Amino acid sequence: MITKKIFGNPIATYAVTKNVPETRELKYFSLETTKGTLRFTCNLTPKELVYGLGETMGRVNKRGGRYISFNTDTADHTDSNPSLYASHNLLLFPDRGFGVFFDTPGKVTFEIDYKNSGMVLVLCETENLTLYQMENDNIYALNREFLAAIGAAYLPPLWAFGYGQSRFGYKCEADFLEVADRYQKAGIPLDYICMDIDYMDRYIDFTVHPQRFPDLKAFVDTMKARGIRLVPIVDAGIKVEPGNPVYEEGVKNNHFCRNKDGGLFQAGVWPGMTHFPDFLRPETRKWFGEQYRFYTERGIEGFWNDMNEPAIFYSEYTKGPRKLGFVLDILFPKARKAKKERDLIRDYQSFYHQVDGKSVCHYDVHNLYGANMTRASSEGLETLMNKRFLLFSRSSYIGAGRYGGIWTGDNSSTWEHLKLNLRHMASVNMCGFLYSGADTGGFMGNCSRELLLRWLAVSVFTPLMRNHSSMGTRNQEAYQFGDPEAFRSIISLRYRLLPYLYSEYMKAALGNDLFIKPLSYLFPKDEKVRHIEDQLMVGCSIMMTPIIEEGKVERTVYVPEFMTMVHYDGKDFTCTPCQPGEMTIHAELNEVVFFIRENRLVPIGKPITNSREVDFENLQLLGDGRRYALYADDGTSRECSLEKVIILEKNFSK
Ligand code: GLC
């Protein structure tokens with residue numbers, strides 16, 4: 001049961017699409033109002049779990065942390081950093097059977113048993129808020145009700161479940177050809193290569209570097225013929241440059257955010273000074289979405305939207321060479337961080353959007369910016385293309401999961417961030433971001449062979465499986481670490497699981513379900529699963545149990561019910577029935593061990609090297625179930641419905 005309580009006069013965020021009855025009653029929390037703030041508090045029982053908050057630091061159980069929803073371009077993914085790129089203001093209280101969504105686009109601070117306070121504090125920097133209150137003893141059912149209220153999740157094409165390679169540093173056709181050739185030579189599957197900002201002419205959106213890509217359309221076609229799609233990045237800001245048609249049109253038709261005095265706001269990002277499209281205006285969203293024609297005309301079918309917090313390297317208030325901000329951050333981390341935060345707030349307070357004809361300060365609606373960029377491109381692509389497209393964004397707000405996926409930004413090549421990736425997957429799914437993933441192998445820093453293999457073995461189970469790294473770090477493609485055999489082995493599992501992963505994703509998205517969920521959702525009565533965060537349910541049949549410690553080939557797994565253990569070595573799947581309880585599993589670097597729930601099946605395809613070879617008809621069924629409900633289609637058409645599900649029966653010969 002969901003109800004909403006409205007405070008003041010909130011602006012529409014479009015997070016919730018379903019009609020929800022209004023109530024006057026404030027449940028669960030006490031409220032203190034001061035000028036400009038709403039301060040909610042509630043006591044926690046000593047051991048209860050608190051879930052939610054999507055893309056934030058900390059664990060899946062958010063107790064003990066302080067988190068601030070204020071979308072930030074930050075590579076500091078440590079527990080002392082309260083803000084990442086997204087704002088997902090959902091709190092779930094599984095033990096008391098309720099949940100609350102604080103729907104407001106400004107800054108919100110959450111303290112959850114912070115410093116052992118024994119309470120939850122939610123401080124909203126506004127008097128205008130829609131508070132969604134939900135009740136259900138079964139938290140999984142409650143979460144699904146919430147997902148139904150925010151609308152069905154984005155449906156990517158089948159190829160978006162393939163493996164992708166990316167790097168900030170690929171510049172020209174030759175770089176992309178080399179990646180494709182070397183993957184092919186190593187016999188490692190690949191479906192797409194991301195084009196980072198160097199494909200553009202001086203980092204200007206909707207342009208392509210004339211010398212590096214003399215004929216992008218022809219190049220896209222050549223690559224596609226090999227089964228490899230090119231996925232360009234699109235940044236939020238439009239370079240201030242007379243003569244650039246997108247800039248000129250944007251100025252002429254009033255599409256950019258303005259200063260208080262009515263002039264156009266400027267901020268320095270990759271291309272130098274840019275204007276920020278006012279994505280909160282429907283006209284601007286339509287205009288921006290139409291610009292993707294530049295790519296679709298050239299045969300491109302996938303995109304990643306970046307810098308849409310929006311990131312600001314410098315502005316007229318914050319002069320100085322902040323273009324290399326992230327390098328300076330490493331040299332003088334604390335001082336730069338404090339200055340950057342102050343400067344950024346000042347920047348965000350100095351420009352304005354038009355919302356329903358009224359001027360609204362960016363600071364007050366900050367967290368909606370990236371979400372509306374995603375919406376703009378998604379709606380644009382729907383009109384430009386007659387099939388499904390790949391789209392993922394860095395910044396987001398709840399509700400944007402209807403329009404596209406997310407990736408979790410500039411992480412590092414550390415074991416800690418591999419663990420964070422795992423935790424994020426559970427939390428962002430709770431908030432409706434089903435298509436998600438991290439930079440596999442880590443963006444900053446140098447990835448070791450072992451870390452990359454273990455990270456790939458996690459990414460095998462996340463919808464977005466993309467290896468991405470920054471320039472200046474060691475080359476991180478799967479063929480860069482000597483003998484590619486182990487990489488071939490792990491990535492081949494992804495392709496053998498494609499029928500399952502695709503089918504489970506589509507059923508989840510069409511059925512208001514999570515794709516990845518914590519064990520406690522399925523075994524709510526089992527005390528032992530409450531704090532397990534390194535085993536997750538993937539779809540309805542698989543429990544993933546990755547090895548995420550350096551130097552280890554074994555780990556303890558808690559098996560909550562009778563299950564089938566599956567050991568994959570790059571060729572064969574060895575299935576072993578397991579009793580409930582603790583057990584030790586063993587997986588060398590080229591191996592993966594996962595589990596299948598009792599009475600369930602997992603369809604496995606033949607070995608392939610590209611998603612276009614997926615054969616939904618010749619499937620092997622692993623597990624002890626009798627039936628599997630398979631969602632299969634051509635992988636691109638828009639007509640997706642649960643009616644396409646067919647039942648596969650397992651014939652038991654033994
Ligand atoms: C940002 C993105 C990163 C990208 C870089 C250059 O840091 O998060 O993924 O490679 O910009 O475009």
Side-chain angles (χ1 to χ4, degrees), residues 55 71-77 81 83-86 164-172 175-176 179 192-209 212 230-239 267-272 274 295 302-314 322-330 336 340 344 369-370 373-374 390-396 404-413 417 420-421 424 436-447 455 459 464-477:
E55 189 186 296
N71 297 351
T72 305
D73 170 20
T74 175
D76 176 17
H77 300 188
N81 181 9
S83 304
L84 298 179
Y85 309 86
Q165 180 63 56
S166 182
R167 181 167 173 86
F168 179 15
Y170 297 155
K171 285 198 163 52
C172 54
D175 293 341
F176 290 85
V179 174
Y192 58 95
I193 309 177
C194 290
M195 305 175 84
D196 208 321
I197 49 175
D198 288 297
Y199 80 82
M200 302 179 193
D201 181 12
R202 292 169 295 132
Y203 305 151
I204 304 176
D205 277 352
F206 313 113
T207 69
V208 62
H209 194 286
R212 293 175 186 166
L230 295 177
V231 177
I233 195 170
V234 180
D235 286 347
I238 299 296
K239 184 174 171 66
V269 202
W270 294 117
T274 66
Y295 305 103
F303 305 87
W304 46 312
N305 283 348
D306 191 22
M307 310 307 275
N308 48 4
E309 293 71 30
I312 296 180
F313 292 162
Y314 54 95
R322 293 218 296 157
K323 191 159 173 173
L324 290 179
F326 69 96
V327 175
L328 295 175
D329 284 346
I330 291 168
R336 286 210 61 87
K340 205 165 147 183
L344 265 173
Y369 194 74
M373 181 187 182
T374 309
L390 168 59
L391 176 65
F392 55 97
S393 165
R394 194 169 71 176
S395 186
S396 62
I406 51 171
W407 97 100
T408 52
D410 298 347
N411 61 2
S412 301
S413 302
H417 282 183
L420 180 64
N421 181 188
H424 271 157
S436 48
D439 285 352
T440 301
F443 179 71
M444 316 273 275
N446 297 324
C447 191
W455 208 316
S459 302
L464 171 68
M465 184 189 188
R466 179 183 75 141
N467 178 339
H468 181 49
S469 57
S470 176
M471 62 165 70
T473 64
R474 75 158 289 175
N475 293 328
Q476 199 170 286
E477 297 82 6

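The shown structure was predicted, so the numbers you read here are calculated from the model rather than taken from an experiment. Values reported hereafter were calculated over all heavy atoms of this structure, with side chains retained and with hydrogens, waters and symmetry mates removed. All ligand and atom numbering here is 1-based and tracks the order in the structure.
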Is the closest N or O pair between [X] and ligand 1 shorter than 3.5 Å?
X	value
H468	yes
R394	yes
W407	no

Aromatic plane relationship, H417 with H77 - under 30° parallel, 30 to 60° tilted, over 60° perpendicular: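 Tilted, since the angle between the ring planes falls between 30° and 60°.
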Mutual orientation of the aromatic rings belonging to F176 and Y170 [parallel < 30°, tilted 30-60°, perpendicular > 60°]: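 F176 and Y170: perpendicular rings.
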[X] contact mode with ligand 1 (heavy-atom cut-off under 4.0 Å):
X	value
Y203	neither
Y85	neither
I233	side chain

Sequence-distant partners of Y199, ring pair (Phe, Tyr, Trp, His ring centres under 6.0 Å), two or more places apart: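 Checked Y199 against ring pair (Phe, Tyr, Trp, His ring centres under 6.0 Å); zero matches.
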Numbering as shown, the atoms of ligand 1 that approach F443 to under 4.0 Å (heavy-atom distance): 3 (C), 9 (O), 10 (O)
Donor-acceptor under 3.5 Å (W407 side chain, D439 main chain): no
No-hydrogen, no-angle side-chain donor-acceptor test under 3.5 Å, T473 and R167: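 Side-chain D/A pair, T473 to R167: present.
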Set of salt bridge (Lys or Arg N to Asp or Glu O under 4.0 Å) partners for D410, sequence neighbours left out: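 Once residues adjacent in sequence are excluded, the partners of D410 under the salt bridge (Lys or Arg N to Asp or Glu O under 4.0 Å) criterion are R394.
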Nearest option to atom 11 (O) of ligand 1, as decided by whichever heavy atom of T408, D306, V269, D196 sits closest: D306
Nearest-neighbour protein heavy atom for atom 8 (O) of ligand 1, which is reported as residue plus atom name and distance: D410 OD1, 2.5 Å
L84 side chain near T408 side chain, heavy-atom distance below 4.5 Å: no
